[in-house]
Amino acid sequence: MVVVQRRELTFWERIYLPEIFRGLAITFKKMFEPRVTRQYPEEALPTNEVTRGQPRLVVKDDGNIACVSCGLCEAACPAYAITIDSQETERFIEREPERFEIDMLRCILCGFCEEACPKEAIFMSDELELANTTRQGLVYDMKQLERPASTLKPRIDYVRRINDRW
Amino acid sequence: MSFVIILIKASLIYGGLLGTAAAMTLAERKISAWMQLRIGPNRVGPGGVLQPLADGVKFIFKEEVTPDGANKGLFRLGPIMAAAPAMLTIAVIPFAGETTIFGIDFGLLSLTDLDIGLLFVLALSGLSVYGVILGGWASNSKYSLLGGLRASAQMVSYELSLIMTALTVVALSGSMNLREIVEVQNTGNFLDWHCFTPVVGQVGLILFVITTFAETNRHPFDFAECEPELVGGFHTEYSSMKFALFFLGEYCAMTVMACLTTVLFLGGYSVPFWEDAPWIVQVGTFMTKTAFFLFLFIWVRWTLPRFRYDQLMNLGWKIFFPIALANLLLAGAVISLS
């Protein structure tokens, strides 16, 4: 059993009024302190390479998509948000995605796809905003997901650095 | 002619009162935001100054819900009873002395010059609690009923000290006429203001301000509302303009009470070191003093936590009432000795 020792209030505290004035002084001072509110749409959230935003596909510098349609991300996705159909390709790889869709309403931004990918083809970008008037509009196809490798560079470097730990 | 003058005065005073009430809703939100390191409403108009307008439009277009089993007549009467007394009492507040504008004699800048002005204000502001009680009773909801019940008990325990304190001022100035109360203090020397009367004035002012908070159902004594326990208290079931009327009533009551405190203790429209200042200076002075008390209402609300119900009763009966009584006696002693 714990006995809580309460301090006897001094007479000064018991008349209460001085303490009220002390409280009023504090709130008055607070009025002139810097604000902490962020005006969101105008002032965007600060992001950096650690931000785990929506997944995006890497387009390599030669213009081809890095994805080889292996399906590992599809398998790793706990929310079943990824759908991949493969097709043959002229390039010196076995296949490339014909259809690569991520249902952004299902995606939980866990980053498992990024971890699963053996080809450094999918990364969590710093894009966070998601809005549409229909559900179908939030199923992103390949065109909407593709980002040049240069824009994803900080994240790619970060993931490489983290992975080198193991 | 005098009818036209009264009409002009009435429209100005009531426009001013409603404008103040609207501005207070914005000030309440802005100042609370500043005290909590937030920004507050800033989307409607420059810096959010048109927010009360947007609120008003919103209130008008909201659906009016009358709860099942509510007493319809009383339910409708509640908001009216809450708002009307506060708006009536502003009629006797003097905003400036004898005024002549563009050669037209406006007389005293108040709607009426009642000999029992103070009594009129106290009687009507006591009436405003009926709005809360009726609203609480007619809503057919346990939360509303509890809110109304608390309001009535609170009023009984506070009105007494409020009136006792107001009586102190009556004793000091020898009149119940608000104009005469101000004139007694308007000597050009601000030490003649009642709040500078040694001991009696200071105790009276503090007591009066505190009881005013209770009178207007404001923090820290807003048991009738009390969101955490009673949802919204007496106005839980009210929606749309009826709810807005309760709100308006509260802010009008605050404005009137701030005016009354100014008149009783801070010399009303009297300007320091300038006995017969032009009317515009007097009105400005009056408004500055009133604005301070209005700010105090908001300031205290966002500083103190709500009292507990039994604490209020203790405070009202065991502390404020004896102090108010002793203060009145002291005032009597001071007057008979001087």
Side-chain angles (χ1 to χ4, degrees), chain A residues 1-54 104-105 109 125-135 137-138, chain B residues 27-44 46-48 161 199 202-214 218-221 291-308 311-312 314-316 318-320 322-324 327:
Chain A
M1 192 177 73
V2 181
V3 178
V4 179
Q5 296 290 337
R6 286 192 201 283
R7 191 171 57 88
E8 271 294 304
L9 295 179
T10 60
F11 174 73
W12 196 246
E13 286 163 340
R14 282 175 63 82
I15 33 179
Y16 198 57
L17 224 48
E19 295 294 307
I20 287 182
F21 288 127
R22 226 155 58 91
L24 288 175
I26 289 170
T27 41
F28 195 76
K29 255 182 275 164
K30 287 282 170 193
M31 282 175 67
F32 304 102
E33 281 179 18
R35 315 278 78 140
V36 295
T37 312
R38 183 182 344 255
Q39 295 285 304
Y40 167 61
E42 292 90 8
E43 275 176 69
L45 291 159
T47 56
N48 57 22
E49 71 274 13
V50 186
T51 308
R52 209 170 61 207
Q54 296 162 11
M104 281 305 166
L105 291 175
L109 313 182
S125 66
D126 58 3
E127 294 166 37
L128 295 161
E129 287 163 357
L130 190 67
N132 209 314
T133 47
T134 59
R135 284 166 181 276
L138 288 170
Chain B
E28 177 101 57
R29 295 170 69 176
K30 270 290 189 190
I31 291 173
S32 70
W34 292 337
M35 282 174 179
Q36 296 166 354
L37 303 186
R38 295 182 288 115
I39 293 172
N42 65 348
R43 298 286 151 149
V44 194
S161 337
V199 188
Q202 288 91 54
V203 173
L205 178 63
I206 291 172
L207 218 56
F208 193 80
V209 168
I210 295 173
T211 41
T212 317
F213 286 153
R218 284 288 292 186
H219 255 265
F221 306 119
F292 170 74
F293 283 109
L294 284 175
F295 175 68
L296 191 71
F297 271 107
I298 299 173
W299 192 7
V300 166
R301 169 161 183 191
W302 298 99
T303 303
L304 297 181
R306 186 178 286 114
F307 273 70
R308 221 170 49 215
Q311 287 173 333
L312 164 90
N314 255 333
L315 214 59
K318 290 189 189 163
I319 297 173
F320 286 161
I323 291 178
N327 200 34

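Reckoned from all heavy atoms, side chains included, excluding hydrogens, waters and symmetry mates. So you know, we letter chains A, B, ... as the sequences are listed, proteins then strands, and number each from 1.
- Here salt bridge (charged side-chain N to carboxylate O under 4.0 Å, His left out) pairs that include residues 29-40 of chain B, with residues two or more places apart or in two chains, are R29(B)-D55(B).
- By the side chain to side chain donor-acceptor pair (under 3.5 Å) test, E49(A) pairs with no residue at all, sequence neighbours left out.
- Taking a 6.0 Å sphere around CZ of R43(B), one finds it holds more than 12 heavy atoms contributed by other residues, nucleotides or ligands.
- For the side chain to side chain donor-acceptor pair (under 3.5 Å) test, residues two or more places apart in sequence or in another chain that qualify with R22(A) are E19(A).
- Atom CG of L24(A) is separated from atom CG of L304(B) by 6.0 Å, given to the nearest 0.5 angstrom.
- Atom CD of E33(A) is surrounded by more than 12 heavy atoms from other residues, nucleotides or ligands within 6.0 Å.
- Proximity to chain B is limited to the side chain of L17(A), based on heavy atoms less than 4.5 angstrom apart.
- Contact count against chain B (heavy-atom pairs under 4.5 Å) is highest for R35(A) among R35(A), K29(A), Q39(A), K30(A).
- With a 4.5 Å cut-off on non-hydrogen atoms, I39(B) touches chain A through its backbone and its side chain both.
- At a 4.5 Å heavy-atom cutoff, the contact between F28(A) and chain B is made by backbone and side-chain atoms alike.
- Of all residues in residues 125-134 of chain A, none places a non-hydrogen atom less than 4.5 angstrom from a non-hydrogen atom of chain B.
- The shortest non-hydrogen separation linking M31(A) to F295(B) is SD-CZ, 4.0 Å.
- The CD1 atom of I31(B) lies 10.5 Å from the OG1 atom of T27(A); values are rounded to the nearest 0.5 Å.
- Heavy atoms closer than 4.5 Å to chain B are found in the side chain of Y16(A), but not in its backbone.
- Within the 4.5 angstrom heavy-atom criterion, only side-chain atoms of I206(B), from C-beta onward, approach chain A.
- Only the backbone of W302(B) comes within contact range of chain A, judged by heavy atoms closer than 4.5 Å.
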